Amino acid sequence: MDNYSIVVQNLSKEYGSFSALSNLNLKMQGSKCVGFLGPNGAGKTTTLKIFTDMIKPSKGHIFINGIDVNREKKKALKSVGVLIETPEIYPSLTEREALSMIGQIKGIPKHDLDSSIKKVVEKVKMEDWLDKKVGKMSKGMKQRINIAAAILGDPDIILLDEPTSGLDPRGMSEVRDIIKELKNENHLIFMSSHILSEVSDICEEVAMINHGKLLAYGKISDVVSKFYVEKENVVELSFVSDLRQSSIKAISKITGVKKVDTIDDKRLNITIEGDQKKQAEVLSSIVKLNVGLISFKPSSGLEEAYLSAFKEVT
Amino acid sequence: MKGEIDFGDKNTVPNDFIQTLVMTKYASLDYLRSRRFFILLIISVLIGILLTGIVAYFRPASFLTSSLSFYSSWWSMSVTFIIILSAVFFGGDAISGEFQNKTGYFLVGNPIKRSSIYIGKFLAAFLFSLIIFLVFTAITVGNGVYYFHSSGFPYQFFESFLLSILYIAAAMGLTFFFSSLFKNSTTSIIITVILLLFVFSLLQTLVGTLAHIQPWFILTYGAQAISNVLSNPYPPAVVSASIAPHAAFSISSYYVRLGEGVIIMLGYFIITTIAGLFIFEKKEFN
């Protein structure tokens, strides 16, 4: 398997005449985060479920560290942490008991179990709830425990299916930080998400799938350039105070500004025609207008590439 | 946490047996704290109290003629009902709930075979059914000792006791089978209840009484050995009678032999457990 951590080989899944996955091939290795993108029904969750033997493939194989998941599930998933959809936990168990159960299944030695649980609950900020019953917790809290269960035992590979689902904005931000931290700790993370900004923020690579077929896989910049020819850039501008109409008008008149969209009273999206040099000129002109510009955030292009990719195939 | 199982070396996924015990432990904790356990405990205690009151107040002859007649009357009329209730309460949604409530998503993605989850949950359900059964047995034996002292303890009751444990395993096997067949807990529970309480009895009547065929393929027929062993003498294999003198139409009553009862219950336990395991192994979480 050429030392790849994950190898997806000619993977297909059919439900009668409907093909959920069609001849999917993918290889991943190293310590990084790979975003798994695609519209609803594209086959993301199906793929992740086959990874964990929740569903069986009609054809093909998934090898994790060289071991076929379908043939030797226990061995293959030995160093894999999993969060698929939003699992429920036996409601009468406490957080500690639920994590102990998973820890014991994973084979964390007795003398390490308490410290391993403590480590993961601190990461997901659930240490104050250790002895409370899971049934009394909110959806967001349960999702944090699910994340804790996935990373319990320090797995090499972490499979996450929309991990921020059900979390409030603060929870989402914390989970993103956890994933970034895990990435830096030598984990390979394969994460499906609908939130493109999340993927571009956390992941270095992205795999795009639609109608069960892989459209692209590679570094975000490579995938973006495959689907999106950068003729224009979208930049988000933030201002110190509410913008006047006259200021917006002045910005829209700057040479190179193609379009101005108001996000709210203090933020604008501007579309700039031309290359990066042109972008620098435009931003410089906005600063000279003295309208209180405090920051600007260029788009990664992933959203544009995503829209372009799925517009092309649908 | 106290009571943890030692797994030995680091990074070693425990063997299937240990993982099954882990599942049994946590499924048992779930049952222990569940409302259904206490409801069933209350039901079996209430049945025991009701029978205690009836026997103490009315002193029915059928109960108090001999120790065997006491255990026969007390045990035969209630124990199979308690066993069926236990099987349905603890096994009815044991597997279907993993799909419907999505608790399976928390477990199945880990390095554990589905068979370990199934067997672990089965053992927990069996254990808790056994607890309910033992509570009822204690009330029965308590009354028996009160009326007939320990010298009047018939060996047939011990046989019936062991057959009842076998019936718990068989009924639990059947409920787990239906639970793995459906993804909806209500469906699996309703079908099991209807089957064990009504359909089997109806089939037994139609097949045995009217068609004169020994209903060896029906679990509740096999479970009749629980009460048959408490009859002295043991009932004949079959009793046929015309419904009227010179009538062409007759009815038959079949009484399962002890060995047949054991084989039927054992057969149900083995076949339904293997079938349930097979279905759960193949079933997809989608």
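Given the structure is predicted, the values throughout are model-derived calculations rather than measurements. Proteins get letters first, then strands, A, B, ... in listed order; numbering begins at 1 in each.
- Taking both residues in full, the closest heavy atoms of Arg114(B) and Asp53(A) are given as NH2-O, 2.7 Å, listed atom of the first, atom of the second, then distance.
- Of the residues listed (Thr86(A), Ile84(A), Leu83(A), Ile102(A)), the one engaging Phe106(B) in a side-chain contact (heavy atoms from CB on, under 4.5 Å) is Ile102(A), and it is the only one.
- Among all heavy-atom pairs drawn from Ile105(A) and Met23(B), the shortest one is CD1-SD, 4.2 Å.
- If you take CE on Met101(A) and CD1 on Ile112(B), they are separated by 8.5 Å, rounding to the nearest 0.5 Å.
- Contacts of Lys75(A) with chain B are absent, with no heavy-atom separation under 4.5 Å from either backbone or side chain.
- In summary, Glu284(B) and Lys13(A) engage in a salt bridge, as defined by a charged side-chain N under 4.0 Å from a carboxylate O.
- At a threshold of 4.5 Å between non-hydrogen side-chain atoms, the residues Ser92(A) and Tyr31(B) do not count as touching.
- Heavy atoms of Asn101(B) lying under 4.5 Å from chain A belong exclusively to its backbone.
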Candidate pair Leu77(A) and Asn110(B), rule side-chain contact (heavy atoms from CB on, under 4.5 Å), full reasoning: CA-CA 6 Å; Leu77(A) 296 182; Asn110(B) 290 292; over 6 Å; no

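- Using a 4.5 Å cut-off between non-hydrogen atoms, no part of residues 179-192 of chain B approaches chain A.
- With hydrogens and angles ignored, the 3.5 Å screen pairs a side-chain donor or acceptor of Lys74(A) with a backbone N or O of Pro14(B).
- Side-chain atoms of Gln104(A) and Tyr26(B), non-hydrogen and from C-beta on, do get closer than 4.5 Å to each other.
- With respect to the salt-bridge test (charged N to carboxylate O, under 4.0 angstrom), the residues Arg33(B) and Glu97(A) qualify.
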